[in-house]
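Every chain is numbered from 1 and lettered A, B, ... according to where its sequence line falls, protein lines coming before strand lines. All values reported here derive from a predicted model rather than from experimental measurement.
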Number of protein chains: 2
Amino acid sequence: MSYTIKDVAKEANVSIATVSRILNGQAGYSEKTKIKVMKVIEELGYSPNAVARGLINKRTHTIGVLFPKLSSSLVTDLLDGIEKAANDNGSSVIVCHTESNGKKTMNYLQLLIEKRVDGIVFASEVLKEEYYQYVKKAKVPIVLLSTESYAFPVPYVKVNDFHAAYTAAKYLIDKGHTEIGMISGNKEDIVAGKPRIDGFRKAMADSRIVCEERNIVNSSGFGFRDGIVGLPKLIEQFPSVTAIFAASDEIAMGVLSSAYQQGIKVPEELSVIGFDNLDLAEMTIPPLTTIGQPLVKMGEVAAQILFKIFETGEIPESRIMPHKVVERLSVKERA
Amino acid sequence: MSYTIKDVAKEANVSIATVSRILNGQAGYSEKTKIKVMKVIEELGYSPNAVARGLINKRTHTIGVLFPKLSSSLVTDLLDGIEKAANDNGSSVIVCHTESNGKKTMNYLQLLIEKRVDGIVFASEVLKEEYYQYVKKAKVPIVLLSTESYAFPVPYVKVNDFHAAYTAAKYLIDKGHTEIGMISGNKEDIVAGKPRIDGFRKAMADSRIVCEERNIVNSSGFGFRDGIVGLPKLIEQFPSVTAIFAASDEIAMGVLSSAYQQGIKVPEELSVIGFDNLDLAEMTIPPLTTIGQPLVKMGEVAAQILFKIFETGEIPESRIMPHKVVERLSVKERA
DNA sequence: GTGAAAGCGCTAACAT
DNA sequence: ATGTTAGCGCTTTCAC
């Protein structure tokens, strides 16, 4: 196959130990031998075998990332951050896209553990007991990203969804709206669904605005279709609605499209605020006001937590990342 | 650390060779010992060490993927396909996002080669001589995705950009348009820029429509901003334009936004066709007619080519994937 | 049907 | 400053 440390040693008339020292920047050789060895390495085009290294060091400098199928720019941003942090720490990342159903998840976990990744970023999915126990038994550090676990002591990185939804609703209220509806995503989703609904409700209650069943449409997911389908439904059950909080930007885009088709003008007749601040939020017509999450940063922090665990062996605290309202043009002040 | 094959062997009162055989489904053991060993494996929660395996087998069952910063859903779709094929072949994928500048590329290539990935998918970037030579010396199979090399014998998977652009222009022409403009992306881009411009020109020429400088606006990239900036420029130099071919969906989205701001109705006053068929093409207002590439399939095919190389050792032929017009609502027939 | 032992490419004592 | 050697966890002859 390709050259080994032995070849280099032989060619340079030194022992493999010396070559190893030079490669790893340890002490124990003269400048002269170093130059000689480096020259041989160069000539041969020798490339150290990270697999062999990994076997000894018990460190593969690889982390695994588990993602369910999600809006692409969400995943991309999160991944960008993870990769950045990994790269800064001399590691690379193996990505595994799990199906939404979750059966693939266990397989991927197994795979990652067999490959002896140094750690795992588990993103946007509920950490089931089965997963947790498996990972725990394998003693692989794990961090949750854009999700959290109530049952297990696993560090996580996410925004406070309850609070963020509260912020969104409050923003609409502050703009003078009182007839406010929500298209909520999946309310069974304990991590991103329920808390956003609760946050919405709380904001309404705190401003003494009645919020009943008719204010909220529960869609099955967080996608474009859910918005397309959701708007007519919401209007039917709540005709006086003047502003909508969509639980995701994709839902919001669906709302925008559906509104356009029905000849409803946004924001003149209907205000819309989204959630996520995806790339495409600034490309919509009109540009979408939304709740922004620092996605890249979140990915970065998640990976950094992993690296901190490698160093200290201790589990650091979780991180609640700040969200903010990104004001664009889809919400109008109500006279 | 965790358990090794030795632990399993000891616990089961057999040799490690036997355990290995059982693990790898080879012959040479009784059903009884198999059951005994499997039981121990189960109890211990033993997980074979893929790193050690890799060292012996010279096969890591990992492939590397190199991507520049691109539109997220483009990357995601391509990656989805790669991962699917990898998974089907018992492999996982390490993703590396290179900067557009390209300096990081060499580092990533080195990294992947040190990690002894079985093969590399090199996507959407120009394969420089330096890269090629390095990978060639390391004897790592490589395949180009959504790009091609004129200088080196490397298999690739992509659509025919010239032809696809021709198709786009022809579509507009067939819809009765004659005043057709293009916002072209970067014309220095030899892989996706130039060919699309040439294809556009050829279609115009074949239909005897004059196509001069004023028909085309060269933007610096393929992004949303380029469309925003490009439309006013195009209108200024070519006021009678009734239809536009945008060299990417993101450019097209920029055109849509810019048109909206200027009160130009799409498709009533201006028809727009894009290129890529990103997820968001169906979410625009109006939904975007565009040239579709089978992105997921392309990723899949690229990875499959790699696996074929592993098997046969031979370099298979490149694959030109079919493109097609995805008709939505942004182009209007001209009376 | 099963075991002993060599060795994959490297690092890390331990010598010298 | 440099070399020797024992593994890391596994697969694979080669014996029995």
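- The distance from atom CD1 of B/Ile56 to atom C1' of D/dC10 is 4 Å, rounded to the nearest whole Å.
- In the helix from C/dG1-D/dC16 to C/dT16-D/dA1, the terminal helix axes, each the rotation mapping four pairs' C1' atoms onto the next four within five end pairs, subtend 40°, rounded to 10°.
- The nearest whole Å value for the distance from the NZ atom in A/Lys6 to the P atom in D/dT4 is 13 Å.
- Side-chain N/O atoms of B/Tyr46 include one lying less than 4.0 angstrom from OP1 or OP2 on D/dC10.
- B/Glu114 comes within 4.0 angstrom of nothing in the nucleic acid, heavy atoms only.
- With hydrogens and angles ignored, a donor-acceptor pair closer than 3.5 Å exists between the side chain of A/Arg21 and the base of D/dG3.
- In this structure, A/Leu23 reaches neither bases nor backbone, as no heavy-atom distance under 4.0 Å exists between it and the strands shown.
- Per the geometry, CD1 belonging to B/Ile41 stands 14 Å off C1' belonging to D/dG9, to the nearest Å.
- Of the listed residues (A/Lys137, A/Glu129, A/Lys136), just one forms a side chain to side chain donor-acceptor pair (under 3.5 Å) with A/Gln133, and that residue is A/Glu129.
- Regarding A/Arg53, its CZ atom lies at a distance of 10 Å from the P atom of C/dA12, rounded to whole Å.
- Note on A/Thr33: a side-chain N or O is less than 4.0 Å away from OP1 or OP2 of D/dT2.
- Within the nucleic acid shown, A/Ser30 comes within 4.0 Å of sugar-phosphate atoms alone, with no base atom in reach, counting heavy atoms only.
- Across all strands shown, A/Val51 has no heavy atoms under 4.0 Å from either base or sugar-phosphate atoms.
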